[in-house]
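Input: a single structure, listed below in structure tokens.
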Amino acid sequence: MYKLPDLCAVTSFKTIGILTCGGDAPGMNAAIRALVRTALNQQMKVYGIERGFTGLMNADMRRLSSPSVSNIIQRGGTILKSNRCEAFKTAEGRRQATAVLRESGIQALICIGGDGTLTGAHLLALESGIPVIGLPCTIDNDIYGSDDSIGFDTAVNTALGAIDRIRDTALSHERLFLVEVMGRNSGLIATQVGIACGAEMILIPEYPIVLESISNTLASNRKAGRGSSGIIILAEGTEPGLTARLAEQLQQHGEEPRICILGHIQRGGSPTGHDRVLASCMGATAISYLLAGYTDVMVGTLGRELIPAPLGDIIGQRKHDPRLYEMVMMLHK
Ligand SMILES: Nc1ncnc2c1ncn2[C@@H]1O[C@H](COP(=O)(O)OP(=O)(O)OP(=O)(O)O)[C@@H](O)[C@H]1O
Ligand SMILES: O=P(O)(O)OC[C@H]1O[C@](O)(CO)[C@@H](O)[C@@H]1O
Ligand SMILES: [Mg+2]
């Protein structure tokens, strides 16, 4: 269980807004529910802003009540909808959003999303002076300053469910499978999934890949009696087209590989218990941060502790643990 912070209220808010942006992640709804109910408990009015920063720029919003967030804790996706908004990357786009917040009487904003969303949240906080709090919510878990992000655990478990099935057919046919998981810029899903499924190899964007050495490793594994079935996990962003090129190369070395791209099934579905609890604790804590006078921070985790991580310190930073990756490669020999 997470340790909630013990904070004193030094300010108050009449009206706040909440939005979800970037790729959806299981647990977004659980976070919305916790934010709404905690804010209502503090006598705040809550507006749900639709479609992330796009909805913010267009004043696309509705009042959220306690019943409006009933029965959503178990649902994947986001009841507020999400998208990616190029216009918000411009100062003009953020000025438009600031005007909407002022005209609607929204005194503080909670932004739920990944590293891109938190970058936008940081710039908005700086430029508008309106208090903004971020919640790390992305299946990628690539947000520096927080061990965990809402949605990662579910995505990893969804991928594992599929890969365990692939393992059955790989063993039956004594075949090699190349399984591509999500992560355009980060190998964290691939690393976690690779450890948990006992993959023969994990290929991630953080390390250069030499195709020839992959065939050589597999050949020496065969000589060592590892059998001819196997699972190689590749992160989506490793290199465009790498999965197909690797399959071709392996065919030339006498393998009969099959490719499986798990894609967006990893982003949908009911959140795990872990993600529901994390989202609930982070949502409640975000409101405590606002009342304690914080702005331009996200609710991060350090182990089991919830901590305020300044957005300016975390954006643009890479999160990668080379020791974990080395351990994985050693276990899979
Ligand atoms: N540098 C930036 N400046 C201002 N706004 C940004 C910036 N980067 C991203 N954003 C805003 O945040 C939105 C979401 O970012 P992005 O598409 O990178 O997804 P994300 O939040 O990282 O989530 P995920 O990676 O899980 O899909 C963008 O569409 C844009 O509106
Ligand atoms: O299809 P979309 O929405 O562009 O999203 C793809 C990207 O979003 C993520 O799934 C994170 O939400 C990345 O891993 C992936 O690269
Ligand atoms: Mg991102």
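Read the numbers this way: they start at 1 and go in the same order the structure lists the ligands and their atoms.
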Side chain to side chain, [X] and [Y], heavy atoms closer than 4.5 Å:
X: Ile259; Y: Ile261; value: yes
X: Thr169; Y: Phe177; value: yes
X: Ile214; Y: Leu203; value: yes

Give the residue, atom name and distance (to 0.1 Å) of the protein heavy atom nearest [atom].
atom: atom 25 (O) of ligand 1; value: Asp140 OD2, 3.7 Å
atom: atom 1 (O) of ligand 2; value: His264 NE2, 2.7 Å
atom: atom 26 (O) of ligand 1; value: Thr138 OG1, 2.6 Å
atom: atom 11 (C) of ligand 2; value: Asp140 OD2, 3.3 Å
atom: atom 2 (P) of ligand 2; value: Arg84 NH2, 3.4 Å
atom: atom 29 (O) of ligand 1; value: Cys85 N, 2.6 Å
atom: atom 15 (C) of ligand 2; value: Glu236 OE1, 3.5 Å
atom: atom 22 (O) of ligand 1; value: Asp115 OD1, 2.5 Å
atom: atom 12 (O) of ligand 2; value: Arg267 NH1, 3.2 Å
atom: atom 2 (C) of ligand 1; value: Thr119 CG2, 3.6 Å
atom: atom 10 (O) of ligand 2; value: Met182 SD, 2.9 Å
atom: atom 5 (N) of ligand 1; value: Gly120 CA, 3.5 Å
atom: atom 16 (O) of ligand 2; value: Arg184 CB, 3.0 Å
atom: atom 21 (O) of ligand 1; value: Thr117 OG1, 2.6 Å

For ligand 1, which atoms, with element, lie under 4.0 Å from some heavy atom of [X]?
X: Phe53; result: 11 (C), 12 (O), 31 (O)
X: Cys21; result: 13 (C)
X: Gly114; result: 20 (P), 21 (O), 22 (O), 23 (O)

Which atom of Asp115 is nearest the Mg ion (ligand 3), counting N, O or S only? It is OD1
Using a strict cut-off of less than 4.0 Å between a Lys/Arg side-chain nitrogen and an Asp/Glu carboxylate oxygen, indicate whether [X] and [Y] qualify as a salt bridge.
X: Glu326; Y: Arg323; answer: no
X: Lys81; Y: Glu50; answer: no
X: Arg245; Y: Glu248; answer: no

Geometry only, no angles: is [X] polar-contacting ligand 1 at N/O separations under 3.5 Å?
X: Gly22; answer: no
X: Gly23; answer: yes
X: Gly116; answer: yes

Can you tell me if [X] uses its side chain to pair, donor with acceptor, with the backbone of [Y] under 3.5 Å?
X: Arg276; Y: Ala30; result: no
X: Ser146; Y: Ser149; result: no
X: Glu127; Y: Ala91; result: no
X: Asp142; Y: Ser186; result: no

Answer with side chain, backbone, both or neither: which part of [X] has a heavy atom less than 4.0 angstrom from an atom of ligand 1?
X: Asn83; answer: neither
X: Phe88; answer: both
X: Leu123; answer: side chain

Here the atoms of ligand 2 under 4.0 Å from any heavy atom belonging to Gly183 are 14 (O)
By number and element, which atoms of ligand 2 are closer than 4.0 Å to a non-hydrogen atom of Gly23? 12 (O)
Please report the shortest heavy-atom distance between Val193 and Leu160, naming the atom on each side. O-CD2, 3.8 Å
State whether Tyr2 and Arg304 meet the cation-pi test: NZ (Lys) or CZ (Arg) under 6.0 Å from the six-membered ring centroid, and within 45° of the perpendicular axis. yes
Which bit of Ile139 gets closer than 4.0 Å to ligand 2, counting heavy atoms only: side chain, backbone, both or neither? side chain
Phe152-His274 aromatic ring centre distance below 6.0 Å: no
Mutual orientation of the aromatic rings belonging to Tyr289 and Tyr294 [parallel < 30°, tilted 30-60°, perpendicular > 60°]: tilted
Atom 7 (C) of ligand 1: of Lys89, Arg267, Met182, the nearest heavy atom sits on Lys89
Selection from Arg94, Arg184, His122, Arg84 by shortest heavy-atom distance to atom 17 (O) of ligand 1: Arg84
Nearest-0.5 Å distance, CD of residue Gln96 to CZ of residue Arg94: 12.5 Å
Any side-chain donor-acceptor pair under 3.5 Å between Ser70 and Arg37? yes
Between the side chains of Thr243 and Glu180, is a donor N or O closer than 3.5 angstrom to an acceptor N or O? yes
